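Only this structure's heavy atoms are used, side chains among them; waters, hydrogens and symmetry mates stay out. Just so you know, residue 1 is the first one in the sequence shown, and it goes up from there. As the structure lists them, so they are numbered: ligands from 1, and atoms in each ligand from 1. No experiment lies behind these values; they were computed from the predicted model shown.
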Amino acid sequence: MNYKPLLTLAAAAAALSVQAADLRSADVHNSDDYPTVAAVRHMSQLLDQRSNGKYKIKVFNKSALGSEKETLDQVKIGALDMNRVNISSLNAICPKSLVPTMPFLFRSTEHMRAVLDGPIGDEILKGCEHQGLVGLAFYDSGSRSIYAKKPVRNLADVKGMKIRVQQSDLWVAVANAMGANATPMATAEVYTGLKTGVIDAAENNEPSYEGFKHYEAVKFYSYTQHSMAPEMLVISKAVFDKMSPADQALFRATAKESVKFQRQKWDEQTAKAIEVVTKAGSELVKDVNKAEFQAAMKPVYDKFMTTPDLQRLVKSVQDAK
Ligand code: GTR
């Protein structure tokens with residue numbers, strides 16, 4: 001007769017443990033303090049507080065769970081809950097993700113932020129659901145520039161250069177349209193690729209050039225600023241669909257709130273990265289003939305922005321203030 005309350009307690013504890021969930025989220029960045037890594041942890045704190053401990057997110061960074069391509073495959077089937085990736089990693093599976101990746105599309109940080117915060121951004125976030133990926137938020141990724149053993153000022157300087165690009169056909173086309181030799185490769189392989197000379201160059205924002213220690217291998221960071229492809233945070237549709245509408249709304253809201261935090265960190269991290277690489281002897285090349293690079297991208301638009309839907313999206317981005 002006395003065991004009944006005990007059983008009830010045990011049942012309550014079991015029910016609680018079924019409901020409380022630690023979600024796992026992947027990221028490729030090495031530093032625990034990298035803006036995207038810190039932003040997802042920030043989202044976790046907000047979730048934890050507002051759900052009274054029901055939800056937390058544990059971030060597995062340093063490519064610990066695999067490359068972006070590999071982790072996305074896991075998220076699609078619900079084997080992994082969440083993923084913070086560069087939008088380029090989605091290019092092959094969701095056409096709308098091509099749009100913000102396009103070279104020289106955004107005119108400025110303000111333009112990029114305004115577009116991604118508005119209805120165009122929301123449309124692109126939704127554009128991966130048929131692939132089992134629910135887009136929750138965009139994070140800043142600055143702008144991407146080429147770094148190599150020599151300065152890049154004109155198109156002629158990249159001719160024949162073996163440039164590592166992200167694993168996306170669009171990126172292969174961008175580098176080839178510059179006259180380079182595109183070499184697609186997972187993030188974690190780039191450092192060794194640069195060190196051993198398998199590749200001559202890579203392209204990324206300043207915090208990645210610093211954070212992945214690529215500046216130890218190549219010293220000239222040239223401001224081609226050819227793309228502002230943002231970061232995207234996705235959650236598995238298989239996981240999301242099991243949540244109540246209130247919990248789904250909580251995930252959407254806390255993800256969006258973490259964007260403000262990420263952007264502030266992003267600006268700080270960019271300044272810090274510039275300081276670190278300059279102190280270590282890198283040269284930042286500013287006098288780049290960007291107009292020449294931009295003009296060379298016309299065939300890339302012709303090849304990839306082929307459907308009326310994509311053309312409409314590009315135009316609405318260009319028309320946005
Ligand atoms: C970084 C981005 C990563 C990854 C990396 C790369 O800017 O944050 O998600 O895409 O670039 O080029 O592999």
Does Lys76, at its NZ atom, have more than 12 non-hydrogen atoms belonging to other residues, nucleotides or ligands within less than 6.0 Å?
yes
Looking at the rings of Tyr221 and Tyr209, which for Trp means the six-membered one, are their centres under 6.0 Å apart?
yes
Under 4.0 Å from ligand 1, residues with heavy atoms, in chain and number order, are Val28, His29, Glu68, Arg84, Asn86, Ser141, Arg144, Arg164, Gln166, Thr187, Asn204, Asn205, Ser208, Glu231
Taking salt bridge (Lys or Arg N to Asp or Glu O under 4.0 Å) as the criterion, tell me which of Arg263, Arg50, Arg252 meets it with Glu257.
Arg50
Ring-face cation of Arg164 near Trp171 (centre distance under 6.0 Å, axis angle within 45°):
no
Go through the steps for Gln262 and Thr36 under the test side chain to side chain contact (heavy atoms under 4.5 Å, CB included), then give the verdict.
CA-CA 6 Å; Gln262 195 268 350; Thr36 53; 4.0 Å; yes
So that I can tick it off, tell me whether Asp247 and Lys242 are bridged by a salt bridge, with the cut-off set at under 4.0 angstrom between side-chain N and carboxylate O.
no
